[in-house]
Number of protein chains: 2
Amino acid sequence: MDLDQPQAAATGRAPRSTDAVYARLKQQILDNRYPPGAQILESEIAAELNASRTPVREAFVRLQQEGLLEIVPRHGVRISALSPDDMREIYEVLMSLEPTAVELLAARRPGRAELESLIASCDAMEAALEGEPDLQAWANADEAFHLSLAKLCGNRRLAAMIMQVWDQAHRARMFTLSLRPLPVQSTAEHRAVLEAILAGDVERAREIYHAHRKRGGRELTAIIERHGIQRL
Amino acid sequence: MDLDQPQAAATGRAPRSTDAVYARLKQQILDNRYPPGAQILESEIAAELNASRTPVREAFVRLQQEGLLEIVPRHGVRISALSPDDMREIYEVLMSLEPTAVELLAARRPGRAELESLIASCDAMEAALEGEPDLQAWANADEAFHLSLAKLCGNRRLAAMIMQVWDQAHRARMFTLSLRPLPVQSTAEHRAVLEAILAGDVERAREIYHAHRKRGGRELTAIIERHGIQRL
DNA sequence: GCATCCAACAACGTATACATTAACAGATGC
DNA sequence: GCATCTGTTAATGTATACGTTGTTGGATGC
């Protein structure tokens, strides 16, 4: 759990190959460009990204600790594949951390200005469902909402942890996006949380958020079971 | 957040220098052998542990993501120094995660056998306060209790996160150990949590644990303020 | 005397070389 | 024909070499 972006955009600093490899590799994993469970060699990535094995190894270590891949000694790395049990773990963690983040934020009594990114995300989610639904846009706004909230809570450790498990679940969310019912209720819940924060109603904000996560977890579990998905 | 011990005791496996460096360095940091905020060079550690810079760098990356040190580009690493604000963050995270862990454990209705390590820790805490108090023994038992609980909750991600922030706060706990009142109430609270788990009373277990953490946080904050501690 | 500039050096970031290990294939013995 | 053993090979883990960067100390100019 590093608290800052891993030395990424340190302006002016000489750009480090390690950071570039890390960023690109992470993006490719999140974009599902490697099948879950895939075995990859250091030299493959090194060749693909025009770097030597050294920065690649360093990126592997970072990504392993973020739970996106697993270093298999003497055999390169295996891209993480989430089991239904992993999804349960992730949702349990989020059901614990996210309501806390909301609570901390609401207790600060932030003004509209500070919540601008949340408001924008809410607007974007609602807009994405008007007329022809744009699920991809909705998912982006949903993600933006949750990550903004994590960042705004005033606890960098909490934020880093939320973002970490969120990333782990990213591929699963994208996969189930089109399998779940239109996220109308979810969108409404986001708006309700936002209102509660603005009203400074700490307890209500926490409640709604917890229910939101709980419902989301149930929905996802149902989809996974219904489709008999074992790993993703 | 790696879920397993970082390839440490993979029996039979050829021992990796990286793991040895990682383990020793981590232990030395937790033992406060480096002053908080200390700047250390790769070559110093390499010489001290009879390894080359390569495994040292890898260990640095792991420890940075655990929040025990910070890699300062071109300047080696700086051992983390906790500010009062950091302590607030850590306690907020623990107040969120640990009650969840207790809840998950209690909901499983575990038998006495499964809770043996918790029972032993409770006994040890009580024993440490009988007669001449042995604060070090008490602290060890306290730590054992909390870490056992994390491991028993059935969620590896949750457990890893708890252990991570717990490690971050380790030095601060050791420092304040002799400055706080005799942890009689804390010991009683542990026993009460254990009883609640055995009784399968999920809600009560969560409540007690949350209150326990809250009180601990207040106590620590008070000590920090009273002594005007800025970094540790 | 003080600020500035330059040069030497020290440490890092990356590439590469070397040692080690595990898998695989071919050969050998039964 | 099948199992086993061994030599080869490929990929990792570690050490080292090299280029780059940031710092420090001294000399120079005002």
Side-chain angles (χ1 to χ4, degrees), chain A residues 2 4-26 28-29 34-35 37-65 68-80, chain B residues 2 4-26 28-29 34-35 37-65 68-80:
Chain A
D2 43 351
D4 311 297
Q5 295 309 331
Q7 266 97 38
T11 39
R13 277 281 176 294
R16 297 195 302 164
S17 172
T18 296
D19 295 325
V21 172
Y22 165 80
R24 290 202 51 186
L25 204 47
K26 179 166 179 174
Q28 294 193 342
I29 293 173
Y34 305 109
Q39 292 261 4
I40 307 185
L41 301 178
E42 294 178 356
S43 38
E44 290 179 43
I45 303 298
E48 188 179 330
L49 301 184
N50 273 92
S52 74
R53 283 174 49 222
T54 310
V56 172
R57 277 182 72 85
E58 226 166 276
F60 279 178
V61 172
R62 302 218 308 237
L63 291 167
Q64 161 164 270
Q65 298 216 306
L68 293 180
L69 53 78
E70 185 193 350
I71 296 177
V72 186
R74 297 250 158 230
H75 294 282
V77 296
R78 188 196 351 265
I79 303 298
S80 293
Chain B
D2 41 354
D4 312 298
Q5 294 310 327
Q7 266 97 35
T11 41
R13 279 281 175 295
R16 298 194 302 163
S17 173
T18 296
D19 295 325
V21 172
Y22 165 80
R24 290 202 51 188
L25 204 46
K26 178 167 180 173
Q28 295 192 340
I29 293 172
Y34 304 110
Q39 292 261 6
I40 308 185
L41 302 178
E42 294 177 356
S43 38
E44 289 178 44
I45 303 298
E48 189 180 329
L49 300 185
N50 273 92
S52 75
R53 283 172 50 222
T54 309
V56 172
R57 277 182 70 86
E58 223 166 281
F60 279 178
V61 173
R62 304 218 307 236
L63 291 167
Q64 160 164 274
Q65 296 217 307
L68 293 179
L69 54 78
E70 184 192 351
I71 296 177
V72 186
R74 297 245 162 233
H75 294 281
V77 297
R78 190 198 349 266
I79 304 297
S80 292

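We name chains A, B, ... by the order of the sequence lines, and we start the count at 1 in each one.
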Inset, instruction - Select base, sugar-phosphate, or nothing to describe what A:Glu58 touches, counting heavy atoms under 4.0 Å on all strands. - result: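 No contact at all - A:Glu58 keeps every heavy atom at 4.0 Å or more from the nucleic acid.
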Inset, instruction - Select base, sugar-phosphate, or nothing to describe what B:Ser17 touches, counting heavy atoms under 4.0 Å on all strands. - result: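 Sugar-phosphate, backbone atoms only, no base.
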Legend entry - A:Pro55 or B:Ser43, whichever maps to the more 5' nucleotide of DNA chain C: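 The answer here is B:Ser43.
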Inset, instruction - Let me know, please, whether A:His75 or A:Ala51 comes out on the 5' side of the other along DNA chain C by nearest nucleotide. - result: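 By nearest-heavy-atom nucleotide position, the 5'-most residue is A:Ala51.
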Nearest-Å distance for atom pair [atom1]/[atom2], residues [X] and [N]:
| X | N | atom1 | atom2 | result |
| --- | --- | --- | --- | --- |
| B:Glu42 | D:dT16 | CD | P | 15 Å |
| B:Phe60 | C:dG13 | CZ | C1' | 14 Å |
| B:Arg16 | C:dT21 | CZ | C1' | 13 Å |
| B:Arg53 | C:dT16 | CZ | P | 16 Å |
| A:Leu49 | C:dA15 | CG | P | 11 Å |
| B:Asp19 | D:dG13 | CG | P | 10 Å |
| B:Asn50 | D:dG13 | CG | P | 21 Å |
| A:Leu41 | D:dA11 | CG | C1' | 7 Å |

Legend entry - Sole residue of B:Leu25, B:Ile45, B:Val72 in side-chain contact (heavy atoms from CB on, under 4.5 Å) with B:Ile40: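 Per the side-chain contact (heavy atoms from CB on, under 4.5 Å) rule, the option paired with B:Ile40 is B:Ile45, out of B:Leu25, B:Ile45, B:Val72.
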Inset, instruction - Examine D:dA11: is either OP1 or OP2 under 4.0 Å from a nitrogen or oxygen in the side chain of A:Arg74? Give yes or no. - result: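 Result: no.
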Inset, instruction - Check whether any side-chain N or O of B:Ser52 sits under 4.0 Å from OP1 or OP2 of D:dA15, and answer yes or no. - result: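 Checking B:Ser52 against D:dA15: at least one side-chain N or O falls below 4.0 Å of OP1 or OP2.
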Legend entry - side-chain contact (heavy atoms from CB on, under 4.5 Å) between B:Thr54 and A:Arg57, worked out: CA-CA 10 Å; B:Thr54 309; A:Arg57 277 182 72 85; 5.8 Å; no
Legend entry - Within-4.5 Å side-chain heavy-atom neighbours: B:Ile29 and B:Ile79: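 Contact flag for B:Ile29/B:Ile79 side chains = yes.
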Inset, instruction - Kindly say whether B:Ile71 contributes a backbone atom to a donor-acceptor pair with the side chain of B:Gln64 at under 3.5 angstrom? - result: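 Yes; judged by distance alone, with no hydrogens or angles, the pair exists.
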Inset, instruction - Check the pair B:Arg53 / B:Leu41 against side-chain contact (heavy atoms from CB on, under 4.5 Å), numbers first and verdict last. - result: CA-CA 10 Å; B:Arg53 283 172 50 222; B:Leu41 302 178; over 6 Å; no
